[in-house]
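Just so it is clear, the values below take in all heavy atoms, side chains as well, and ignore hydrogens, waters and symmetry mates.
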Amino acid sequence: MKKTALGLGSMLLVASFSLSACGTDEGELAKEYCDLAQDAQDAAESGDAGKIEDATKALTDWLEDNKDVEGDEKEFTDAVEDECGDLSTVP
């Protein structure tokens, strides 16, 4: 469980650092990220290796698809905290 939380936190950092300028709906990106992060956490809790692999791939694919999106890093991070709740904190 701890490894999953650390992995999600790392992915959040990657996602936030990929946003470099204004002009993006950070709230919408945060919602997409949080939905995928929740799926990843649910998969990890299930212990099903196939679900974990699928959820991790979906999240990393989202990160790859959005790596060139321009936006405000702080606004995205704040939106993730608002949208994700407990998922946005790393133990």
Side-chain angles (χ1 to χ4, degrees):
M1 183 75 128
K2 230 177 197 178
K3 287 184 181 179
T4 302
L6 290 173
L8 295 176
S10 298
M11 288 182 193
L12 172 59
L13 288 174
V14 170
S16 67
F17 289 137
S18 71
L19 300 173
S20 58
C22 295
T24 296
D25 184 354
E26 287 83 357
E28 183 59 34
L29 284 174
K31 181 174 179 357
E32 291 171 9
Y33 170 81
C34 292
D35 289 344
L36 292 168
Q38 182 64 57
D39 290 346
Q41 180 171 332
D42 292 345
E45 289 173 357
S46 78
D48 182 313
K51 286 181 182 179
I52 294 168
E53 183 178 343
D54 291 345
T56 301
K57 181 171 178 3
L59 193 50
T60 54
D61 286 350
W62 180 88
L63 289 169
E64 180 65 27
D65 291 346
N66 289 287
K67 71 179 181 184
D68 294 326
V69 171
E70 295 182 351
D72 184 273
E73 177 182 325
K74 180 166 177 14
E75 284 184 35
F76 175 75
T77 303
D78 290 346
V80 167
E81 289 175 4
D82 291 343
E83 198 67 44
C84 291
D86 291 342
L87 284 175
S88 66
T89 58
V90 177

Identify, with sequence neighbours excluded, every residue that meets side-chain hydrogen bond (donor to acceptor under 3.5 Å, both in side chains) alongside Asp35.
Lys31

Value rounded to 0.5 Å, distance of CG in Asp78 from CD in Glu73
10.5 Å

With rounding to the nearest 0.5 angstrom, report the CG to OG1 distance, Asp61 to Thr56.
10.5 Å

How long is the span from the CZ atom in Phe76 to the CD atom in Glu81, to the nearest 0.5 Å?
11.0 Å

For Glu64, side-chain hydrogen bond (donor to acceptor under 3.5 Å, both in side chains) partners two or more places apart:
Lys67

Taking all non-hydrogen atoms of both residues, which atom of Ala43 and which atom of Ser46 are closest, and how far apart?
O-OG, 2.7 Å

Correct closest heavy-atom pair for Lys57 and Thr60 would be O-OG1, 3.1 Å

When rounded to the nearest 0.5 angstrom, what distance separates CD in Glu32 from CD in Glu83?
10.5 Å

Given 3.5 Å as the limit, does a donor-acceptor pair link the side chain of Asn66 with the main chain of Val69, or not?
no

Over all heavy atoms of both residues, which pair between Trp62 and Leu29 is shortest? Give the atoms and the distance, please.
CZ2-O, 3.4 Å

State yes or no: do Leu36 and Leu63 share one hydrophobic cluster built from I, L, V, M, F, W and Y residues joined by side-chain heavy-atom distances below 4.5 Å, directly or via other members?
yes

Of all the heavy-atom pairs spanning Ala79 and Glu26, show the shortest one and how long it is.
CB-O, 4.0 Å

